[in-house]
Structure formats: structure tokens, C-alpha cells
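Here's the structure, in C-alpha cells; my notes come after.
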There are 2 protein chains.
Amino acid sequence: MIAIGEASRQSGVGIETIRYYEREGIVPKPARAQNNRRLYSASDVGRLRLLKKCRDLGFPLSDAKALLDLSEGGDEDCRSVKEMAEAHIANVRSKIDELKRLEGALSELSANCETGNVSCPMLARLRMVEDI
Amino acid sequence: MIAIGEASRQSGVGIETIRYYEREGIVPKPARAQNNRRLYSASDVGRLRLLKKCRDLGFPLSDAKALLDLSEGGDEDCRSVKEMAEAHIANVRSKIDELKRLEGALSELSANCETGNVSCPMLARLRMVEDI
DNA sequence: CTTGATCCTGTAGTAACTACAGAAGATATA
DNA sequence: TATATCTTCTGTAGTTACTACAGGATCAAG
């Protein structure tokens with residue numbers, strides 16, 4: 001059983017975030033030592049690591065929690081996992097598209113901007129762009 | 001001079017958001033009718049549209065405000081505009097990369113998940129992934 | 001025994017909105 | 001004219017997912 005700092009190091013989840021997950025009921029309340037400090041087991045750390053991975057993959061915390069619950073439940077309903085993942089993939093793809101268009105628009109704007117100009121043509125363009 | 005609902009329609013900025021921008025000092029306080037309702041001019045709407053564009057391009061509100069101020073100021077300092085845009089482009093590019101890796105990881109996970117399975121292999125994988 | 005690291009609880013702040021509640025005025029229809 | 005439905009007003013609180021204190025207790029090392 002390890003303290004919260006070590007659990008944070010091993011899981012990659014910040015100390016304050018671990019306590020926040022506990023407050024929100026995302027993870028169960030951990031054991032406590034006589035001195036009232038939180039004590040984490042290997043499986044507690046495992047839970048935190050799974051949460052971290054889901055969050056890094058961009059799942060909202062609510063989905064991450066659902067995934068965690070499924071993974072605890074034993075009778076994991078594969079369909080809902082797959083559905084969640086696929087909805088999320090679609091999401092990610094449209095975000096990529098959006099950002100690509102954005103990148104194009106921005107670099108075009110920036111290219112037209114000669115450093116040193118007093119009246120900035122980039123702002124002028126910005127005022128007119130319709131096709132973002 | 002138009003009411004806030006019409007200004008919202010013409011600018012694409014939500015009514016509550018317009019009032020929020022006003023509270024935060026992002027846009028100047030508009031004129032008021034005798035009945036105390038806000039009245040917007042064409043240039044008020046123009047300001048809102050510029051803000052909308054900046055926000056759609058992903059600039060944080062603080063940058064959007066700076067851009068707006070520059071565009072009002074007449075003596076627009078082109079350099080700071082260009083710098084802002086370029087910092088933002090770098091940002092956008094790294095976000096795209098991140099999302100692409102993410103998309104790969106997710107679709108690999110999802111592909112390994114046969115709908116109907118009781119014990120979901122995707123969750124098993126999720127528990128092990130290191131290379132996000 | 002003192003220093004510094006770690007931990008505790010509880011509260012408040014962050015970004016950028018969004019969503020009410022409750023009241024007043026405006027517009028359209030019967 | 002009465003009624004009903006919109007739109008707007010102010011002010012406050014909620015959202016997401018943390019992050020940052022403040023003020024105090026405890027622990028480990030020298």
C-alpha cells in the first residue's frame with residue numbers, strides 16, 4: 001500500500017486530480033492509514049492508469065468512468081464499449097478536418113502579412129473571411 | 001439599430017454570449033432604447049463577427065480581444081498579429097498530430113472488438129496500451 | 001530538534017460559456 | 001380589448017475537468 005504521491009507518480013494522475021476523482025465518486029474511497037493518509041493498492045493504481053489512458057485518448061470523464069465501470073463489472077458489454085469508441089473516433093476525425101481547414105486559413109493569412117507593415121493586411125482579411 | 005436577437009442572428013454569436021462579452025468588457029456597452037433594451041449598430045455586429053471568426057479559428061478569447069483591439073486601433077501592429085497567428089498555427093499543428101495518433105490507436109482498438117462478445121478484448125487492450 | 005517534504009481538509013479560481021428564474025415589455029391573433 | 005406568446009432584462013448559478021491555494025498536521029532525515 002502506497003501513499004498518494006507515489007500513486008500519482010505510478011499512475012501519471014496528479015495528486016489533486018486523484019482527490020478530485022475520489023470526491024466525484026469516479027474512483028472508490030481508498031484505505032486510510034492510522035494517520036488518516038490515503039493508502040493505495042496496486043489495483044487502485046490500475047484504475048487510475050485506465051482513467052488516465054481514457055482521458056489521454058480524449059474520452060470525456062463520464063465515458064472514462066463508464067469504461068472503468070465496464071472493466072470492473074466482469075460482464076463487460078462489448079457493444080457499448082465499441083459504440084463509445086466509434087462515436088469518439090468520428091468526433092476525432094471531424095476535429096482533425098476542422099483543424100486542417102483552420103491551419104490552411106491561418107497560414108494563408110499569416111503569409112500575406114509582411115512584418116513591419118503599419119496597417120496589417122492580415123487583420124483586414126480576417127475581417128472579411130467567410131469560408132472558415 | 002437592431003435588438004440583441006437580431007444581432008445574434010446576424011453575427012452568429014449567441015445572445016447570452018453577447019451579454020457575456022459585454023460583462024467581460026470584450027465589446028463596448030451598446031446603446032439602449034427607452035425601454036432599456038440593447039441596440040446594436042452595424043459596426044457592433046461587425047465586432048461580434050470578427051470575434052466569432054477568431055474564436056472559430058481557435059484563438060483563445062484573450063487573443064481574439066487583442067486582435068479586435070488591434071483592428072480598432074488603426075495603428076495595427078502587424079508584428080504582434082503575425083506572432084499570434086504563428087504561435088497559434090504551431091499549436092494547431094501539434095493538436096492535429098496528437099489527434100491523428102489518437103485516431104490510429106482508437107480504430108485499432110475498435111477493430112479488435114467483435115460486437116457481441118461478452119468479455120470485451122478492447123477493454124483488455126485499453127488496460128495495457130502504453131503507446132498512446 | 002529542526003528543516004523540509006508530504007499529506008490533510010476545504011474553498012475558490014480557471015475558460016468560455018450556458019442555463020435558468022422571475023419580471024417586464026412587445027407583438028400577434030381572436 | 002384581451003390573451004397568448006416572444007423577446008428582452010438582471011442576476012445568479014451551473015458546466016467540464018481540473019488546478020491552486022490556505023492553514024494546519026505529520027513524517028523522515030540529519
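The figures here come from the full heavy-atom set of this structure, side chains too, leaving out hydrogens, waters and symmetry mates. Letters A, B, ... are given to chains in the order of the sequence lines, protein chains preceding strands, and every chain is numbered from 1.
Looking at heavy atoms from C-beta onward, B/R19 lies in side-chain contact with B/I15 at the 4.5 angstrom threshold. You'll find the side chain of B/I26 reaches within 4.5 Å of the side chain of B/L51, heavy atoms only. Using a 4.5 Å heavy-atom cutoff, the side chains of B/R47 and B/L50 are not in contact. A/Y20 has its side chain within reach of A/L61: a pair of non-hydrogen atoms, C-beta onward, lies under 4.5 Å apart. Contact of the B/I4 side chain with the B/R37 side chain is not registered, since no non-hydrogen atoms from C-beta on lie closer than 4.5 Å.
Nucleotide C/dT6 holds its C1' atom 13 Å from the CZ atom of A/R38, rounded to whole Å.
Under 4.0 angstrom from either OP1 or OP2 of C/dA26 there lies at least one side-chain N or O belonging to B/N35.
Nearest nucleotide to the A/R37 side chain, out of C/dA26, C/dC17, C/dC7: C/dC7.
Less than 4.0 Å separates DNA chain C from at least one heavy atom of each of the following residues of residues 15-27 of chain A: A/I15, A/R19.
A distance of 4.0 Å separates CZ in A/R32 from CZ in A/R38, rounded to the nearest 0.5 Å.
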Candidate pair A/I2 and A/L39, rule side-chain contact (heavy atoms from CB on, under 4.5 Å), full reasoning: CA-CA 5 Å; A/I2 58 180; A/L39 289 179; over 6 Å; no

Test log, rule salt bridge (charged side-chain N to carboxylate O under 4.0 Å, His left out), inputs B/E24 and B/K65: CA-CA 11 Å; B/E24 296 298 302; B/K65 159 105 172 113; over 6 Å; no

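Here the range on DNA chain D touched by chain A, meaning any atom under 4.0 Å from one of its heavy atoms, is D/dA17 to D/dC27.
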